[in-house]
Amino acid sequence: MMSKVTETVEELVTPILDELNLELVDIEYVKEGRDWFLRIFIDKETGVDIEECGLVSEQLSAKLDEVDPIPYNYFLEVSSPGAERPLKNEKDFTKAIGKNVFIKTYEPIDGEKTFEGILTQFDGQTVSVEIKIKTRKKTVDIPYEKVANARLAVVFS
């Protein structure tokens, strides 16, 4: 049922975002405690502000009331994915080249399942990440299909 809800919500929110030149990053429909939450994460090249989130929320809320795809009471949240934005698809990986990323894999690569470093290359098949081991740098090539999850990573210096 959750995937049906997210599919329907994606169909409803996409035209709204297209009109506002915004990008859909992710949709979550989850139960936390007693409450259901429908979370829509949006972005654009320069980042989104509270007004844009509010506008999307208003327009989407009206569409959701009209179509009524969710049988339970829920909280609608529209927000930016934040500084540590998830990398969900090939387009996200391509846009993240040159940025610091954190990647978890389904199985170990060179004995490790987590990698943090600069995403140096992505060709659709392989994600190349330059990691630091003490004072030296090493490039790790990760098969794209072995990536369990990935996100941008904030570096504090």
Side-chain angles (χ1 to χ4, degrees), residues 1-109 112-119 122 124-129 140 142-156:
M1 184 192 84
M2 288 188 209
S3 67
K4 181 69 176 145
V5 167
T6 57
E7 282 176 32
T8 303
V9 171
E10 184 173 353
E11 290 171 14
L12 295 173
V13 78
T14 298
I16 295 167
L17 298 177
D18 288 348
E19 186 178 307
L20 299 170
N21 294 316
L22 297 170
E23 169 192 359
L24 177 63
V25 175
D26 201 7
I27 297 174
E28 287 182 353
Y29 178 57
V30 294
K31 187 172 186 183
E32 294 177 1
R34 294 181 177 177
D35 298 318
W36 285 91
F37 290 86
L38 176 61
R39 294 187 177 111
I40 313 297
F41 297 95
I42 61 173
D43 209 356
K44 68 179 179 189
E45 205 59 46
T46 57
V48 293
D49 59 32
I50 191 92
E51 287 82 16
E52 290 166 315
C53 291
L55 190 57
V56 171
S57 180
E58 281 177 30
Q59 291 183 27
L60 178 58
S61 185
K63 289 280 187 196
L64 288 167
D65 288 347
E66 198 177 292
V67 177
D68 200 21
I70 303 172
Y72 309 105
N73 289 333
Y74 61 92
F75 294 95
L76 174 62
E77 298 176 355
V78 177
S79 68
S80 157
E84 294 195 333
R85 170 194 173 128
L87 305 178
K88 293 285 198 176
N89 54 45
E90 292 185 14
K91 184 175 110 186
D92 290 344
F93 278 86
T94 301
K95 283 173 55 177
I97 291 172
K99 297 181 180 168
N100 205 62
V101 296
F102 179 82
I103 298 175
K104 285 187 181 179
T105 58
Y106 289 112
E107 56 192 57
I109 295 166
E112 299 291 330
K113 287 180 75 173
T114 61
F115 304 89
E116 184 170 341
I118 303 295
L119 177 60
F122 176 67
Q125 306 290 314
T126 305
V127 180
S128 298
V129 180
V140 178
I142 304 166
Y144 182 58
E145 72 271 2
K146 293 191 179 175
V147 174
N149 60 52
R151 62 174 168 75
L152 294 179
V154 175
V155 179
F156 296 99

To the nearest 0.5 Å, how far apart are [atom1] in [X] and [atom2] in [Y]?
X: I70; Y: T6; atom1: CD1; atom2: OG1; answer: 9.5 Å
X: L119; Y: D92; atom1: CG; atom2: CG; answer: 11.0 Å
X: Y144; Y: T105; atom1: OH; atom2: OG1; answer: 14.5 Å

Partner set under salt bridge (charged side-chain N to carboxylate O under 4.0 Å, His left out) for [X], not counting sequence neighbours:
X: E84; value: R151
X: E107; value: K146
X: K88; value: D26
X: D35; value: none

Is [Y] close to [X] at the side-chain level, that is, under 4.5 Å between some pair of heavy atoms?
X: I109; Y: P143; result: yes
X: V140; Y: S128; result: no
X: F115; Y: V101; result: no
X: P86; Y: N149; result: no
X: V129; Y: V127; result: yes
X: F93; Y: V147; result: yes
X: I103; Y: T114; result: no

Test side-chain contact (heavy atoms from CB on, under 4.5 Å) on T8 and L64; report intermediate values, then the result. CA-CA 9 Å; T8 303; L64 288 167; over 6 Å; no

Does any N or O in the side chain of S57 come within less than 3.5 Å of the main-chain N or O of C53, such that one atom is a donor and the other an acceptor?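 Such a contact is absent between S57 side chain and C53 backbone.
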
Listing, residues 14-25 side-chain donor-acceptor contacts under 3.5 Å, not counting sequence neighbours, or none:
{"residue": "T14", "atom": "OG1", "partner": "E10", "partner atom": "O", "Å": "2.6"}
{"residue": "E23", "atom": "OE1", "partner": "K95", "partner atom": "NZ", "Å": "3.1"}
{"residue": "E23", "atom": "OE2", "partner": "R85", "partner atom": "NH2", "Å": "2.7"}

Output field: ring centroids Y29/W36 closer than 6.0 Å: yes

Which heavy-atom pair separates [X] from [Y] by the least distance, and what is that distance?
X: V9; Y: I40; answer: CG1-CD1, 3.6 Å
X: L152; Y: A83; answer: CB-O, 3.6 Å
X: V5; Y: P69; answer: CG2-O, 4.0 Å

My understanding is that only residues two or more places apart in sequence, or in another chain, count here; which of them pass side chain to side chain donor-acceptor pair (under 3.5 Å) with E116?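 In terms of side chain to side chain donor-acceptor pair (under 3.5 Å), with neighbours along the sequence ignored, E116 is linked to N100.
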
Holding to side-chain contact (heavy atoms from CB on, under 4.5 Å), I want the full list of residues that pass it with [X], two or more places apart in sequence or in another chain.
X: S61; result: D65, L76
X: D68; result: none
X: E32; result: V30, F37, R39
X: E11; result: none

What residue pairs, at least two apart or across chains, pass salt bridge (Lys or Arg N to Asp or Glu O under 4.0 Å) with a residue in residues 49-64? K44-E52

With sequence neighbours left out, write down each residue that passes ring-ring contact (aromatic ring centres under 6.0 Å, His included) with F41, or none if nothing qualifies. none

Flag if over 12 foreign heavy atoms under 6.0 Å of CD, Q125: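 Atom CD in Q125 is not crowded, with 12 or fewer foreign heavy atoms closer than 6.0 Å.
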
Could you check whether atom CG of N73 has more than 12 heavy atoms from other residues, nucleotides or ligands sitting under 6.0 Å from it?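 No, CG of N73 has 12 or fewer neighbouring heavy atoms, counting only those of other groups under 6.0 Å.
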
